[in-house]
Amino acid sequence: MCGIVGYVGKEKALPRILSGLKFLEYRGYDSAGVAYVKENKIKIVKEAGRISALEASLNKEENTYLGIGHTRWATHGVPNKINSHPHKSGKFTVVHNGIIENYMELKDMLIEKGIEFKTDTDTEVIPALLNYNYEQEKDIIKVINKTIKMLKGSFALGIICDDDLDSIYATRYDSPLIIAHQKNGYFIASDVPAILNYTNKYLLLDNLEIAKINVNNLIVFNSNLQKINKEELTFVGTSDDAMLNGYEHYMLKEIHEEAKVFKDTFNYYVLENQFKETMPNLKDYHDIHIVACGSAYYVGYIAKYLIEKYASIPVLVEVASEYRYKKNFYTKDTLVIIISQSGETADSLAALRQVKEDGIDTMAIVNVVESSIAREAKYTLYVKAGPEIAVATTKAFLAQTTLLALLTVKLSKNNELLKEFKGIDKNIEELLSRDYLKYAKEIYNHNDAFFIGRNIDYALCLEGSLKLKETSYINAVSFQAGELKHGTISLISENTPVIAINTLDSIRNKTISNIKEVKARGANVLYITNENVRDNFYNNIILIPKVADIVSPILTVIPLQLIAYEVAKLRNCDIDKPRNLAKSVTVE
Ligand code: M6R
């Protein structure tokens, strides 16, 4: 949700800021802007639309060596030029990621003092409040410290003050912000990919810390305004990991990385059919709650079926935004698992904090290293997906499914199951090498599509239909196959696309009966299975390799992802940046 990049140094600032913003465009892409210092004055340029629109309005070679930039995902106020960041009030110019929940209250207070507002944003209250506090006390660090303690909500901020045009100030609360040093200057950024063209070393600001950065110096203060030293972190990877490398879209590139992602995740936890110490030894839990959002929630659904089947531990799966506002029942032996690619999803983070307050053990399954969820959980298990840029998650989903399957083995105490993971990378490669366009052609010109399956296949239906919805805007809905006859089968008419998933021997024939029911009512059935039957109840079939149930979902999801990709392409959709979405949802 919104991306921030700032630069101060000896090199020209605008090319660095624009290059960083392009890497962060997946965080929000409805408007963009920069503020930079030129001849001792602040200049602000903003545009509605993509970063390319901003780039077209700027002279990148401008002699400016300090600036802050922003790419926006609108929360308060439509995505037009005036509402886009940076916002300036009096002497303070600000870019903001997050939401200020008490902005109305603060705005009313400032209006009463005679301060005028120009935009519909929550953000504008920040420079206005900074400026108001600065009129009382002319110490920028103290003023920032005082101001951020008056804000409720989440924020990462890049700040410039007219009285110190040599410095960028940065601070955060519950929205990520990093600082990176390169030999000729410093960057601030919302996420590591923004700086990878220049360096892979960075430090992470903690909540309410404040940084003052100029060409030669970085000083970080804690919330008591004591100077502190921060640990330098190294990102394992290069800017290539965040680039298209010849692929037409990030979504396609990331799907094609899945065999590697599977191997990297497996090898990080397992050596010669034994768990390494990267997989923690866990006590015997009585029950497990899995809490997540979107696709990560569907991984939780897959995990529920696996853990209940193989480890005989009851699992409750909940969407984080619901879980945090309901009464939850724990025993002293409940484990709560939070799954999140970004590790910054606001609802998942809030749920984690609430569970911790209740004194319950927590485990994070996260992709982004050192993200908030990763840092706050009792146990943190990383998936090895690498940077995921496309808004629709694919390789992180596969990595999370792999890790949850490994965790299932750990919980089941039956290491023999690890043998089932052998050769899965080869199966992934083979599935990736197939052509899915012909199946997409049967779907792309419909407004609705249905996914049906039972048990773990239903969890995969949920993910398959979300991929189709978010990338191609087709109303794709999932149903438990056995439930159709209780009402939803009325939606089926001549040629309605139905994607039926059927991979489990134990219920194979039951699902076949349900598929026959929709076929008899005219559905155009794409049958995804691992065992062919000679019977005429489908129009097309995708035969996936037959492997043990514990690893089967890792394979089944691949055709679903590639079909969604091909459909979105046939419909000319903006595949990597679907409308209205952003990658990392750091607001409630
Ligand atoms: O970063 P997270 O895994 O916590 O994100 C959760 C969801 O926002 C995310 O999976 C979302 O549903 C994706 N757009 C799905 O492709």
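We count ligands from 1, going down the list as the structure has it; atoms in each ligand are counted the same way.
- In this structure, His70 and His85 have parallel ring planes: the angle between them is below the 30° cut-off, well short of the 60° mark.
- The ring-ring contact (aromatic ring centres under 6.0 Å, His included) search around Phe421 returns Phe266, not counting sequence neighbours.
- Within 4.0 Å of ligand 1, counting heavy atoms only, the contacting residues are Cys293, Gly294, Ser295, Ala296, Ser340, Gln341, Ser342, Thr345, Val391, Ala392, Thr393, Leu466, Lys467, Glu470, Val585.
- For an aromatic pair to be called close, the ring centres must be under 6.0 Å apart, and Tyr202 with Phe235 fails this.
- Within 6.0 Å of atom NZ in Lys326, more than 12 heavy atoms from other residues, nucleotides or ligands are found, so the atom counts as buried in its surroundings.
- Look at Arg353 and Glu357 and you find no salt bridge, because none of the NZ, NE, NH1 or NH2 atoms lies under 4.0 Å from a carboxylate O.
- With respect to the salt-bridge test (charged N to carboxylate O, under 4.0 angstrom), the residues Lys395 and Asp264 do not qualify.
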